[in-house]
Amino acid sequence: MGDAQLTDAQLKRYSRHLLLAQVGEAGQLKLANASVLIVGMGGLGAPAGLYLAAAGVGKLVLADDDKVSESNLQRQIAYSEEQLGQSKVHAARERLLALNHDIHIRPVQRRLSGDVLQMEVMQADVVLDCSDNIQTRYALSDACQKLKVPLVSGAAVAFDGQLMVFDFRDDNSPCYRCLFPKANDAVLNCSTAGVLGPLVGIIGSMQALECIKLICQIESAAVGRFSSFDGLSGEWFHLKMQKRPDCNLH
C-alpha cells in the first residue's frame, strides 16, 4: 500500500474507517504509508500489533528476542498453542499477515539497544514501547526524543495499567525521564506479581488507538499525559506531565 488512492478492495475493507470524518480516505492513506516500530511482542505488543495490522498500517517492525511459552497464552492473544517454542516476532508476523496480507511486517529477533535501536527508531513514524523493563523504556524515550519520533508507552502489572503518549515533534514535550527520573527493574512486573489477561488487552489497545491518532493527525488529550488505569475499580487517573528543566542533562 502506498498508492495515491485506495483500491476497491481497500475501500471495502476499511469502509468503517472511511465513514469517520477524522480518518476518511486521506487518513487511511496516511496509515497505509506509515511505519510503526513495536518494541516488545508480549501482552501489550500482541493486541497492539493485531489492531494496527487490522487498521492497515503499511509497515510494522516487530522487535523482541523472546520465544512463545505456555505462560504467555493466558494474555498474549497473537499466539496459539501450535506456536509454542517459536520466536515471538516470527509467530506474530504469521498471525498478523493472516489478518491482513496487504501490509509489510519485518521481524527483528533481538532486544534493541545502542546503534541498532537508534536505526530502528529513525525509520519509524511512531514507536510503541511495549517492553517489560525500565532500561529499554529509558533508551527508547531517549532515542525518540533525540530523533523527534512520537512514542506511545504502556505498562501493566497485576490490576494496574499505565499509558503515556510523548509527541517529540514538539520540543516542549516531556519524556519518560521527566516522569520517572529514577527507577530500577526491582519494581513489580508480570513475572513476580502476575497480571490479569484482559488488562494488557486494554492498555495495548489504547496504545494502538493513540498510535492511529498520531498517524492520522487526530488531536488527542492523551499527548503529554500520564494515565493510570485501575482494573479493580475500572477508573482512570490522569496527570498532565511537564518537561523537567534539566530534561536534556541525562
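These figures come from a predicted structure and were not determined experimentally.
- When all heavy atoms are compared, the tightest approach of G204 to A48 is O-CB, 3.5 Å.
- Atoms CG and CG, on N100 and L60 in that order, are 9.0 Å from each other to the nearest 0.5 Å.
- The ring-ring contact (aromatic ring centres under 6.0 Å, His included) search around F159 returns none, not counting sequence neighbours.
- Between D170 and S173, the side chains place no donor N or O within less than 3.5 Å of an acceptor N or O (distance only, hydrogens not considered).
- By the 4.0 Å N-to-carboxylate-O rule, D64 lies too far from R110 to be salt-bridged with it.
- Around atom NZ of K240, more than 12 heavy atoms belonging to other residues, nucleotides or ligands sit under 6.0 Å away.
- No donor-acceptor distance shorter than 3.5 angstrom exists from the side chain of S141 to the backbone of R137, with no hydrogens or angles considered.
- Side chains of S131 and D129: a donor-acceptor N/O pair is present below 3.5 angstrom, by distance only.
- Atoms CG and OH, from L84 and Y79 in turn, are 12.0 Å apart once rounded to the nearest 0.5 Å.
- In this structure, the side chains of C175 and D142 stay at 4.5 Å or more apart for every pair of heavy atoms.
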Checklist entry - So V200 and I202, side-chain contact (heavy atoms from CB on, under 4.5 Å) or not? Walk me through it. => result CA-CA 5 Å; V200 293; I202 292 169; over 6 Å; no
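- Put simply, the side chain of R244 does not reach to within 4.5 Å of the side chain of R177, judged on heavy atoms.
- The line from CD of Q162 to CD1 of I203 is 8.5 Å long, rounded to the nearest 0.5 Å.
- Within 6.0 Å of CZ on F168 lie more than 12 heavy atoms contributed by other residues, nucleotides or ligands.
- Side-chain heavy-atom separations under 4.5 angstrom define the hydrophobic clusters, and M119 shares its cluster with no other residue.
- Smallest separation of non-hydrogen atoms from A208 and L128: N-CD2, 4.5 Å.
- When every heavy atom of M41 is checked against every heavy atom of A92, the shortest pair comes out as CE-CB, 3.8 Å.
- A continuous path of ILVMFWY side-chain contacts below 4.5 Å connects L117 to V61, so both sit in one hydrophobic cluster.
- Cluster membership check: L52 does not share its hydrophobic cluster with L20, using side-chain heavy-atom separations under 4.5 Å among Ile, Leu, Val, Met, Phe, Trp and Tyr.
- Legend: salt bridge (Lys or Arg N to Asp or Glu O under 4.0 Å) pairs involving residues 77-101, not counting sequence neighbours, sorted by first then second residue: D66-K88.
- With hydrogens and angles disregarded, no donor-acceptor distance shorter than 3.5 Å links the side chain of Q109 to the backbone of D65.
- Below 30°, between 30° and 60°, or above 60°: for F229 and W236 the angle between ring planes is between 30° and 60°, a tilted geometry.
- Between D171 and K148, at least one side-chain N (NZ, or NE/NH1/NH2) sits under 4.0 Å from a carboxylate O, which counts as a salt bridge.
- A search for side chain to side chain contact (heavy atoms under 4.5 Å, CB included) contacts involving R169 returns P150, D167, L214, not counting sequence neighbours.
- Atoms OG and CG, on S227 and L239 in that order, are 9.0 Å from each other to the nearest 0.5 Å.
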Next on the checklist: The test is side-chain contact (heavy atoms from CB on, under 4.5 Å); show your working for Q123 and L37 and say whether it passes.
Outcome noted: CA-CA 8 Å; Q123 298 177 70; L37 169 63; over 6 Å; no
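- For the pair L11 and Q5, the minimum side-chain heavy-atom distance is 4.5 Å or more.
- Counting heavy atoms from C-beta outward, V68 and Q76 have side chains that stay 4.5 Å or more apart.
- Looking at heavy atoms from C-beta onward, L179 lies in side-chain contact with M164 at the 4.5 angstrom threshold.
- Counting heavy atoms from C-beta on, the side chains of K67 and Q86 never come closer than 4.5 Å.
- In this structure, the side chains of L140 and Y138 stay at 4.5 Å or more apart for every pair of heavy atoms.
- Using a 4.5 Å heavy-atom threshold, the side chains of L6 and Q28 count as touching.
- The shortest heavy-atom contact between C130 and G45 is CB-N, 3.6 Å.
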Next on the checklist: Between S228 and D160, is the side-chain contact (heavy atoms from CB on, under 4.5 Å) condition met? List the steps.
Outcome noted: CA-CA 7 Å; S228 176; D160 300 319; 5.6 Å; no
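- The structure places CG of N133 at 3.5 Å from OG1 of T136, a figure rounded to the nearest 0.5 Å.
- A distance of 12.5 Å separates CE in M206 from OH in Y51, rounded to the nearest 0.5 Å.
- Note: the hydrophobic cluster containing V23 does not contain I215 (ILVMFWY, side chain heavy atoms under 4.5 Å, direct or indirect links).
- Residues I212 and L50 share a hydrophobic cluster, clusters being chains of Ile/Leu/Val/Met/Phe/Trp/Tyr side chains in contact below 4.5 Å.
- For residues 19-34, no pair satisfies salt bridge (Lys or Arg N to Asp or Glu O under 4.0 Å), with sequence neighbours left out.
- When all heavy atoms of S153 and F166 are compared, the pair lying nearest together is CB-CE1, 4.1 Å.
- L97 approaches I103 most closely through the heavy-atom pair CD2-O, 3.6 Å.
- Both V149 and L151 are part of a single hydrophobic cluster, where members link through side-chain heavy atoms under 4.5 Å apart.
- A donor-acceptor distance shorter than 3.5 angstrom exists from the side chain of Q207 to the backbone of V152, with no hydrogens or angles considered.
- Evaluation of the side chain to side chain donor-acceptor pair (under 3.5 Å) rule for K213 yields E210, S220 as partners, not counting sequence neighbours.
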Checklist entry - Taking it one step at a time, do Q118 and V116 satisfy side-chain contact (heavy atoms from CB on, under 4.5 Å)? => result CA-CA 5 Å; Q118 295 277 332; V116 176; over 6 Å; no
